[in-house]
Chemist: 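My questions will all concern the structure given below.
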Amino acid sequence: MDMTGGEALARSLVANGVSQIFGIPGVQLDHAADALYHASDDIAFTCVRNEQAATYMADGYARSTGRPGVAMVVPGPGMLNGLAGLATAYACSSPMLYLSGQIDSAAIGRGLGALHEIPDQSGILRTLTKWSGMAERPEDIPGLVHRAFAEMRSGRPRPVALEIPPDVLAARADVQVPGAAQPAPVVPDHKLIDGVAELLRGSRRPLIYAGGGVIAAGASEELRELAEILQAPVVVSENGRGAISARHPLAFDALAFRRLREDADVVLAVGTRFVTAFSSQVNTAGARLVLINAEAADLGEPRTPDLAVHGDARLALAALAEELRGVDRESRTAEFEAAREWLEEQYADIEPQRAYLRAIRAALPDDGVLVSELTQIGYAANACYPAYRPRTYLTPGYQGTLGYGFATALGVKAADPDRAVVSITGDGGFSWTLQELSTAKKYGLATVTVVFHDGFFGNVRRIQRNRFGARYFASDLVNPDYAKLADAFGVAAARADGPEELETVLKEALAAGEPVLVEAPVGEFPGPWHLIHEGVPRPVPQEQS
């Protein structure tokens, strides 16, 4: 069929189930934008105010649904602006397609000073993606889009990128558009599964450590079934929160691993990098270690597993459950109760952070999404926020991307307007993307955003006080009047002074069905952060309040 490259792109995206794109149009994307205009019945386009927000929103869309998120930007500065979100998506194994314009094909790599030209844009994209490609002809586009979705739907999900020069988008050709790329999970070796099953069958106190790969694979039911068969406690990592409901009697926060590993004889780590902030294997206290991961690189050094299975978490867990049904297990109730008591002792001093988290949890329905941030409430949430369903708790993972939260939450809301979404951020982080209040208003994205503010980059200031003799440097902030800021964008505003007020304000804001900015003034928080971060795969954050 005769069509332009732009039309080939739009039709290829529709063929792969894309119904939403986040981005900003520009001259190198004119023919793509025109094609999307004609495809507007199939694909909605959310125009953001900074390309960084486009990739954050695509990430939020992807991780809250499991469907690929798509961001589209102009080349050069536009592409560069979106890299913080791309890096976050890469760290968090998020399926995102980054569509980037290019300069005219004949000028690429020549340094002629074309509009938005930068040296080796393709090389930059290759460093932050699982796969990247560039179309040289209109007829190349459908195959490249198909390849991009095949990469996102196979093995470990991660961002991919596709560059299309403007002359290719404008050119016409006879183009054939294939059907959707199909999922291709990594099938685990059955002999290795047999070996893991034998090891677990002989164990008396197995312990499961579940990471974000369990959620990415849609393996929550398989995880729950295997845990119940083995009567094994399930410790969830930061990105694994919600892989098993926090209400389940076998579910534990990551901090509990330090207590439970002391008596464990086998640790089964699924869908996790299983390394500490210092790039060493998580300490298993002598227990035998089994790793299951769709990413082969996460099975080797610095890890020293007794058994390693390269495979999809859902397929592997289902196979293990099939092998182990009927095993005899004694009750471990007393052991688990003691572990929970120990955990509460460790958390005792994390107030009022936990009180704020209880308020948020009480206001959000079970399927509501909390998008956390690098804020004192967010650090506590990474340790002990109770998530009841998969894809209901999002963080920037090891990337620690300050300022990602608000825009990411908008992407979550765009994916499902009927879902309750709360973003928590500090006054430092919120300033990165506060202009996206415009986007929230324009598209009616009814995200509730809570800004905890104290006028400082809180962690930076505390470190400067405690380690550097109160020699404060660049850690103080000048903030806007948040109520006036919201009003300037036509967005509703509210204020919460303390946890009890926050619960009430959140319930009212979520019921309002419109974007709401909630300011929550706070003082300095105490908190034994060494208890939360020691031995788990994330460093002590050193950013904001």
Side-chain angles (χ1 to χ4, degrees), residues 16-17 62-69 89-96 129-131 146-160 180-200 206 208-230 232 234-237 239-244 266-275 289-300 303 305-325 389-391 397:
N16 279 280
R63 279 198 278 157
S64 64
T65 64
R67 304 191 302 269
Y90 188 85
C92 295
S93 302
S94 182
M96 178 203 296
T129 55
K130 179 180 180 180
W131 172 89
H146 189 276
R147 171 72 185 276
F149 279 86
E151 291 287 346
M152 285 187 287
R153 291 169 174 163
S154 65
R156 179 186 194 167
R158 267 185 159 166
V160 297
Q182 297 304 307
V186 179
V187 179
D189 186 305
H190 188 69
K191 289 183 179 179
L192 290 174
I193 292 293
D194 287 344
V196 174
E198 182 179 357
L199 184 61
L200 291 171
I208 299 174
Y209 191 108
V214 173
I215 295 174
S220 290
E221 281 303 304
E222 289 77 9
L223 173 68
R224 178 196 56 77
E225 182 182 12
L226 180 62
E228 291 176 353
I229 289 170
L230 295 172
V234 179
V235 167
V236 292
S237 73
N239 282 341
R241 304 197 75 79
I244 185 171
V266 175
V267 172
L268 173 64
V270 186
T272 170
R273 283 178 288 271
F274 208 64
V275 292
L289 175 61
V290 177
L291 297 179
I292 298 175
N293 207 299
E295 175 62 80
D298 287 342
L299 298 172
R303 309 156 193 88
D306 294 271
L307 287 172
V309 179
H310 182 212
D312 175 78
R314 185 180 63 82
L315 296 180
L317 291 170
L320 287 172
E322 181 67 27
E323 291 283 342
L324 292 166
R325 287 193 184 98
R389 296 188 186 178
R391 303 189 184 280

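Note that these values count all heavy atoms, side chains included, but never hydrogens, waters or copies made by symmetry.
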Chemist: Rounded to the nearest 0.5 Å, what's the gap from CE on Met152 to CZ on Arg158? Could you check?
Modeler: 14.5 Å
Chemist: Side chains of residues 188-196: which donor-acceptor partners sit under 3.5 Å, not counting sequence neighbours?
Modeler:
{"residue": "Asp189", "atom": "OD1", "partner": "Lys191", "partner atom": "N", "Å": "2.7"}
{"residue": "Asp189", "atom": "OD1", "partner": "Leu192", "partner atom": "N", "Å": "3.4"}
{"residue": "His190", "atom": "NE2", "partner": "Asp194", "partner atom": "OD1", "Å": "3.4"}

Chemist: For the residue pair Gly66 and Pro95, what are the closest heavy atoms and their distance?
Modeler: O-CG, 4.3 Å
Chemist: Can you name the residues that form a side chain to side chain donor-acceptor pair (under 3.5 Å) with Ser64, not counting sequence neighbours?
Modeler: none
Chemist: Once side chain to side chain donor-acceptor pair (under 3.5 Å) is applied, do any residues pair with Arg67, and if so which ones, sequence neighbours excluded?
Modeler: Tyr61
Chemist: Could you give the side-chain donor-acceptor pairs of residues 210-218 under 3.5 Å, partners two or more places apart or in another chain?
Modeler:
none

Chemist: Among Leu315, Leu299, Leu320, find the one that has a side chain to side chain contact (heavy atoms under 4.5 Å, CB included) with Ile292.
Modeler: Leu320
Chemist: Looking at Ser220 and Ala243, would you say the former's side chain and the latter's main chain have a donor-acceptor pair under 3.5 Å?
Modeler: yes
Chemist: Looking at every heavy atom in both Val234 and Ala227, which two are closest together, and how far apart are they?
Modeler: CG2-CB, 3.5 Å
Chemist: Side chains of Leu200 and Val290: does their closest heavy-atom pair fall under 4.5 Å?
Modeler: no
Chemist: Can you see which heavy atom on Arg156 is nearest to which on Ala294, and at what distance?
Modeler: N-CB, 4.1 Å
Chemist: Check whether Asp306 reaches the backbone of Leu289 with its side chain - one donor and one acceptor, N or O, closer than 3.5 Å.
Modeler: yes
Chemist: Is it true that a side-chain atom of Thr272 and a backbone atom of Phe274 form a donor plus acceptor pair closer than 3.5 Å?
Modeler: yes
Chemist: Determine whether Leu307 and Val309 make a side-chain contact, defined as any pair of heavy atoms from C-beta on separated by less than 4.5 Å.
Modeler: no
Chemist: Would the distance check show the side chain of Arg303 and the main-chain N or O of Asp298 forming a donor-acceptor pair, the cut-off being under 3.5 Å?
Modeler: yes
Chemist: May I have all residue pairs that pass salt bridge (charged side-chain N to carboxylate O under 4.0 Å, His left out) and include part of residues 219-229, sequence neighbours excluded?
Modeler: Glu221-Arg224, Arg224-Glu228, Glu225-Arg325
Chemist: Do side-chain atoms of Arg153 reach the backbone of Gln182 as a donor and acceptor pair under 3.5 angstrom?
Modeler: no
Chemist: Where do Val270 and Leu317 land on the side-chain contact (heavy atoms from CB on, under 4.5 Å) test, with the steps shown first?
Modeler: CA-CA 9 Å; Val270 186; Leu317 291 170; 4.1 Å; yes
Chemist: Test of understanding: with side chain to side chain donor-acceptor pair (under 3.5 Å), list the residues that count as partners of Arg314, not counting sequence neighbours.
Modeler: none
